[in-house]
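Below is one structure, written out as structure tokens; the observations come after it.
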Amino acid sequence: MNFPNTPNFSGNFTPSGVEADVAHLPVIDGAVPLALDGSFFRVAPDPQFPPLAGDDIWFNGDGMVTRIRFKDGNVSLQQRWARTEKFTAEREAGRALFGAYRNPLTDDASVTGKVRSTANTNVILHAGKLLALKEDSPPVWMAPETLETIDPVYDFGGRMTSETFTAHPKIDARTGEMLAFGYAAKGLCTRDMVFYVINAAGEIDHEVWFEIPYYCMMHDFGFTEDYVVFHVVPIVGSWERLESGLPHFGFDRARPVHLGILPRGGRAEDIRWFSAPTCFASHVMNAHNVGTKVHFDVPMASGNMFPFFPDTEGAPFDPVEAAACMTRWSVDMAANSDDIAMTQLSDLVGEFPRIDDRFAGQANRYGWQLVQDQTKPVDLPGIRSATGMMMNTIARLDLETGATETYWVGPASSLQEPAFIPRPGSTEEGDGYLVVVENRLAEQASRLLLLDAMALSKGPITTIAAPFRLRQGLHGNWAPASAFAALPA
Ligand code: V55
Ligand code: FE
């Protein structure tokens with residue numbers, strides 16, 4: 001079995017394919033806080049088979065889920081592929097059957113009608129269910145204790161009629177609800193969206209169906225105490241693109257961006273749409289409202305950040321325009337103006353924003369994100385400074401003072417998205433740890449770092465050796481041991 005000899009399949013992107021249970025990971029520096037009792041779940045695209053088309057994008061690999069468990073000072077690791085319909089059909093065939101990213105026209109005829117999920121984008125525990133997510137499909141339900149797949153196409157007991165479910169659902173810590181949406185909800189490339197409220201027992205409680213201004217990648221969203229916020233950014237797609245063999249998405253700089261604000265508990269006719277000139281924003285750090293004023297914080301770039309989803313008019317990829325800085329989008333539901341006001345919050349360049357998740361939907365003081373610091377040296381064959389998505393620094397933003405604190409991981413490493421771990425027993429914002437995977441690029445190995453979330457510049461308080469390279473991942477979340485028990489229905 002030969003994977004292609006392309007950048008998508010070599011170096012740090014070499015497929016891993018390792019499923020494992022490792023009971024004790026070596027702590028190589030510092031100590032694991034004894035009171036930590038819970039698991040960091042994360043997922044990486046990790047193709048099971050060489051692609052049908054000769055090459056493939058990172059976004060299309062099969063979801064490999066990792067559980068890093070902390071208990072009584074010990075760290076263990078489990079890793080399993082999500083048993084999606086795609087994974088199971090391909091394992092039985094011994095080869096790839098599904099083709100290009102989000103293009104069923106490129107699939108082998110034997111899999112027509114099967115769910116195309118790779119479950120490779122995020123993994124989150126809610127109401128005792130571990131959900132592995134890809135935004136083009138329903139969730140994959142896995143057992144949090146074993147990472148066994150329980151249902152490859154989980155539809156909330158038949159209540160979810162959308163064809164899709166976002167990879168970025170949000171949990172409102174005050175209510176225990178999970179807020180989510182689906183786009184292309186009535187079929188590939190449709191403008192149909194649905195917003196779902198899933199109660200603390202894991203049941204769909206409320207849904208709102210509506211249309212977005214144009215079909216595009218609706219990757220993330222925000223919520224506040226009183227509103228839900230949807231950003232429409234021109235990463236567009238169409239059946240014409242799929243029929244002509246283009247990548248599903250392309251960036252159309254001729255289109256404006258929009259922000260749709262839905263009152264929580266409201267109906268489709270209550271949504272108000274605002275707009276601004278074209279730009280690029282994907283992940284959402286957080287949102288909050290002060291009365292009718294809604295604030296929405298995103299790493300924002302002036303142009304396309306995804307070279308593999310090229311400009312629709314053929315403009316070359318521009319790394320300068322792809323640099324994203326944390327920016328606040330503000331609108332007022334009571335104002336006459338439909339404009340979005342934009343205020344830059346930081347001049348650090350980076351992505352993968354996180355918060356202390358207990359403050360989701362509320363005004364947060366702190367944010368953490370990965371940063372690409374091009375002033376730092378890179379000591380890798382043929383590379384002098386950080387480029388592409390190489391994030392060599394982690395930062396804490398203080399939105400109250402404007403101050404930042406950073407930790408640079410060194411000249412031969414990069415970082416994956418962190419997750420915030422509250423210090424057991426604490427309630428104060430930011431009091432806790434960040435867990436982050438370090439890519440040791442020279443030796444193709446991985447480490448797990450724990451940092452004091454309020455003292456990043458001191459460096460890791462705990463460094464743990466991973467038993468094998470953890471392939472570059474997307475997203476993950478911390479789940480305290482207390483969250484494992486399913487709430488009574
Ligand atoms: C993203 C990642 C995806 C995807 C859509 O912005 C968007 C990240 C890993 O897959 O399908
Ligand atoms: Fe994402």
Side-chain angles (χ1 to χ4, degrees), residues 8 13 15 41-48 51 56-66 81-82 84 86-87 98-104 115-124 131-140 163-170 180-184 188-189 215-222 230-237 241-242 247-251 279-286 297-301 304-310 322 324 350-355 357 360 368-370 388-389 391 416-419 471-477:
N8 289 315
F13 288 93
F41 293 101
R42 48 82 74 180
V43 62
D46 195 1
Q48 180 181 201
D56 203 357
I57 62 172
W58 173 52
F59 278 13
N60 207 28
D62 298 290
M64 183 72 98
V65 177
T66 318
W81 264 305
T84 58
K86 172 183 186 289
F87 181 93
F98 290 75
Y101 177 84
R102 305 275 272 276
N103 189 347
V115 171
R116 299 185 87 252
S117 180
T118 50
N120 71 4
T121 314
N122 200 356
V123 64
I124 189 165
L131 303 177
L133 301 166
K134 181 71 173 181
E135 65 194 46
D136 66 356
S137 301
V140 175
E163 290 192 11
T164 66
F165 189 92
T166 178
H168 284 284
K170 310 260 180 274
F181 68 93
Y183 76 101
L188 205 61
C189 301
Y215 173 71
C216 64
M217 177 193 279
M218 298 292 292
H219 182 61
D220 198 351
F221 77 127
F230 300 104
H231 59 313
V232 169
V233 171
I235 310 160
V236 301
R241 291 181 64 87
L242 303 186
H248 184 106
F249 291 115
F251 188 71
C279 68
F280 190 105
S282 177
H283 292 125
V284 177
M285 179 168 72
N286 197 19
D297 298 341
V298 285
M300 172 182 150
N304 187 13
M305 285 183 72
F306 292 152
F308 40 84
F309 296 142
E351 241 285 355
F352 294 105
R354 297 304 300 253
I355 58 166
D357 305 289
W368 293 265
Q369 65 163 94
L370 299 183
M389 285 301 281
M391 301 291 178
Q416 302 192 17
E417 183 186 73
R471 198 173 191 250
Q472 178 66 44
L474 269 307
H475 305 293
N477 293 282

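Index from 1, following the sequence. Whatever order the structure lists ligands and atoms in, that order sets their numbers, starting from 1.
- In this structure the side chain of I124 reaches within 4.5 angstrom of the side chain of P169, judged on heavy atoms.
- With hydrogens and angles ignored, the 3.5 Å screen pairs a side-chain donor or acceptor of D220 with a backbone N or O of V284.
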*Before giving the answer on side-chain contact (heavy atoms from CB on, under 4.5 Å), spell out for H248 and N103 the whole-Å C-alpha distance, their side-chain angles and the decisive distance to 0.1 Å.*
CA-CA 7 Å; H248 184 106; N103 189 347; 5.6 Å; no
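- Protein residues lining ligand 1, listed by chain and number: F59, Y101, R102, N120, T121, K134, E135, M217, H219, S282, F306, L474 [non-hydrogen atoms, distance under 4.0 Å].
- Under a 4.0 Å N-O distance rule, the pair K134/D62 does not qualify as a salt bridge.
- Listed by chain and number, the protein N, O or S atoms at a distance under 2.8 Å from the Fe ion (ligand 2) are H168 NE2, H219 NE2, H283 NE2, H475 NE2.
- Proximity of the aromatic rings of F309 and Y101 is defined here by a centroid distance below 6.0 angstrom, and this criterion is met.
- The aromatic rings of H475 and H283 lie perpendicular to each other, with more than 60° between the two planes, well past the 30° mark.
- Between M217 and Y183 there is a side-chain heavy-atom pair separated by less than 4.5 Å.
- Aromatic rings of F249 and F306 (six-membered ring for Trp) have centroids beyond the 6.0 Å cut-off, not under it.
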*Stepwise, does the side chain to side chain donor-acceptor pair (under 3.5 Å) test hold for N477 with R354?*
CA-CA 10 Å; N477 293 282; R354 297 304 300 253; 2.9 Å; yes
